[in-house]
Visitor: 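Quick one: this structure, given as structure tokens, is what I'll be asking you about.
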Amino acid sequence: MSLLHADADCFFASVELRHRPDLVGRPVAVATHIVMSATYPARGRGVHGAMPLRQALRLCPELVVLPPRADYQSAGEALMALFWRYAAQVEPGSMEEAFIDVGDTDPVASATAIRRAARDELGLPVTVGVARTKLLAKLASRRAKPDGLLVITEAEEVHLRAGLTIDELWGVGPTTASRLADAGVTRVSELADFDEARLRTVVGTTMARRLLSIRDATDDATVRQIGPRRTVSASRTAMRPSNRWPDIQAHADGVIDLAVQRLAAAHDGQALTHHINLQITYADRNHWSIDLGLPAATRDPDELRRRCRELIMASGVRTAGRPVLLIMVSFRLTNIAGSRLQNALPLF
DNA sequence: TCTGGGGTCCTAGGACCC
DNA sequence: TCTGGGGTCCTAGGACCC
């Protein structure tokens, strides 16, 4: 049995290019003061996501810069709806990618059909990886990019798995990789001598089990329904950190308003929160965080704005005299009664 | 070299209960 | 009152992903 990992290429940029076919094939970036998405011709010049725009323009002076303008959320929803037409189950990984279980249909035929439909109907290039487990399907799509299709057969899987390096593993970041390197492990095959008890002392219980399941080829091969969103947040980084109270207040009000707006839109307007988290990062990179449990779950914008402002005052940021770099407000969503249960039920 | 904004999940420790 | 073991809930922070 195989599953698919389908991933729209340079999603934000591809969505913008639908209105600018004249720019196809040229180096294009969707950017504010940082790059949010870069086309493959731009990537070929060293431009990538999260790069400051100035730096991108130094690397690639002819870069075409587009402001983020389109409704990416809607584009992502259309993409997921398209996936569902070919699927028994879809597990979104983000706005623009998903694992897909195509049931009894031939997975390669489905992958080809999905790619064609996304191109014809949505104008989006989608790369698909086909393999037995999620990890390998994702690896396949990564290797097939851009605008490709790669199948890893079960025969190829054995060979490929033996050669996997730690830094190729999805879910293993710099911290875990460096802990493993200190223990003498840079390839999956080098885990041969480890049992769970020993590996646990290096990377913790959950990560140890995941790594051993990858070594033993028993890693996750099930496409699952995912639950409703659990948090809604907003944050802003100041271009020029200030310690003046009017600046901080304006910064905070902007973030609070955005977070409250997003809460109002979440869960089809039915979201409630019973918990607020406020985080402040000062220009010296020191963090400060406070949590507030609410007496009753609410979505009342006025109450939430008032509570958030109280937290700002309680933070002491007004009198601290230290320049503020980042403010973040996060609402933990209250589970809507029965929503988890509903999600666990089969779809008829 | 940590540069952005939105998320999820894990871990460790404390409080509290039986 | 203490000792031990187990469970749950909460909080703070870390790690990771796109």
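Below, each value reflects all heavy atoms present in this structure, side chains not excepted, and no hydrogens, waters or symmetry copies. In what follows, chains are A, B, ... by sequence order, proteins preceding strands, each numbered from 1.
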Visitor: Hey, does A:T205 reach any base, or is it just sugar-phosphate, or nothing, if we go heavy atoms under 4.0 Å?
Guide: sugar-phosphate

Visitor: Output the rounded distance in Å from NE2 (A:H251) to P (B:dG4).
Guide: 11 Å

Visitor: Can you tell me how far P of B:dC2 sits from CZ of A:R54, to the nearest Å?
Guide: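 Rounding to the nearest Å, CZ of A:R54 and P of B:dC2 are 16 Å apart.
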
Visitor: Under 4.0 Å between a Lys/Arg side-chain N and an Asp/Glu carboxylate O for A:D220 and A:R224?
Guide: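 Salt bridge flag = yes for A:R224 with A:D220.
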
Visitor: For a salt bridge (Lys or Arg N to Asp or Glu O under 4.0 Å) with A:E121, tell me which candidate from A:R115, A:R18, A:R85 qualifies.
Guide: A:R85

Visitor: Could you give the CZ-to-C1' distance, from A:F99 to C:dC17, as a whole number of Å?
Guide: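 Roughly 11 Å, once rounded to whole Å.
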
Visitor: Take A:V203 and A:T237, find for each the nucleotide of DNA chain B with the closest heavy atom, and name the residue whose nucleotide sits nearer the 5' end.
Guide: A:T237

Visitor: Within this structure, what is the CG-to-P distance between A:L79 and C:dC18, rounded to whole angstrom?
Guide: 16 Å

Visitor: Can you tell me which residue among A:K134, A:R161, A:R210 is in a side-chain hydrogen bond (donor to acceptor under 3.5 Å, both in side chains) with A:D219?
Guide: A:R161

Visitor: Whole Å only: how far is the CE atom of A:M51 from the P atom of C:dC18?
Guide: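 Spelled out: CE on A:M51 to P on C:dC18 is 18 Å.
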
Visitor: Mind checking A:R262 for me? I need base, sugar-phosphate or nothing, with any heavy atom below 4.0 Å counting as a touch.
Guide: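 Sugar-phosphate, no base atom in range.
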
Visitor: Taking atom CG of A:D268 as the centre, report whether more than 12 heavy atoms of other residues, nucleotides or ligands fall under 6.0 Å from it.
Guide: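 For A:D268, atom CG is not crowded (no more than 12 foreign heavy atoms under 6.0 Å).
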
Visitor: Rounding to an integer number of angstrom, what distance separates C:dC18 and B:dT1 when you compare their P atoms?
Guide: 23 Å

Visitor: Across the strands shown, which category fits A:V172 at heavy-atom distances under 4.0 angstrom: base, sugar-phosphate, nothing?
Guide: sugar-phosphate

Visitor: Determine, using the 4.5 Å side-chain heavy-atom cutoff (strictly less than), whether A:L66 and A:L57 are members of one ILVMFWY cluster.
Guide: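 Different clusters.
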
Visitor: Can you tell me if A:K145 touches the phosphate of C:dC18, counting only side-chain N or O atoms and a distance under 4.0 Å to OP1 or OP2?
Guide: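 Result: no.
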
Visitor: Nucleotide by nucleotide, 5' to 3', does protein get under 4.0 Å of the base (B), only the sugar-phosphate (S), or neither (-) in nucleotides 5-14 of chain C, counting heavy atoms?
Guide: ------SSS-

Visitor: Measuring only the C1' atom in each nucleotide, how far is B:dG4 from C:dC16? A whole number of Å is fine.
Guide: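 To the nearest whole Å, 16 Å.
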
Visitor: Under 4.0 Å between any heavy atoms, over every strand shown, what does A:T32 touch: base, sugar-phosphate, or nothing? Just pick one.
Guide: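 Contact class for A:T32: none.
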
Visitor: So that I can tick it off, tell me whether A:D193 and A:R198 are bridged by a salt bridge, with the cut-off set at under 4.0 angstrom between side-chain N and carboxylate O.
Guide: no

Visitor: Between B:dT1 atom P and A:Q55 atom CD, what is the distance in whole Å?
Guide: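 Checked: the CD to P distance equals 12 Å.
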
Visitor: Given atom CD of A:E97 and atom P of C:dC16, what is their separation to the nearest angstrom?
Guide: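 Atom-to-atom, A:E97 to C:dC16, this comes out as 18 Å.
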
Visitor: Could A:R142 and A:D7 be called an ion pair, given the rule that one side-chain N must be under 4.0 Å from one carboxylate O?
Guide: no

Visitor: Figure out the CZ/C1' separation between A:R210 and C:dA15, and round it to whole Å.
Guide: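 That distance rounds to 11 Å.
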
Visitor: Both distances below 3.5 Å, Watson-Crick or wobble geometry, any strand: find the nucleotide opposite B:dT8.
Guide: C:dA15

Visitor: Which residue in the set A:E168, A:E97, A:E91 passes salt bridge (Lys or Arg N to Asp or Glu O under 4.0 Å) when paired with A:K138?
Guide: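 When salt bridge (Lys or Arg N to Asp or Glu O under 4.0 Å) is applied between A:K138 and each of A:E168, A:E97, A:E91, only A:E97 qualifies.
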
Visitor: Find which nucleotide of DNA chain B each of A:A234 and A:H48 is nearest to by heavy atoms, and output the residue with the more 5' nucleotide.
Guide: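 Result: A:H48.
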
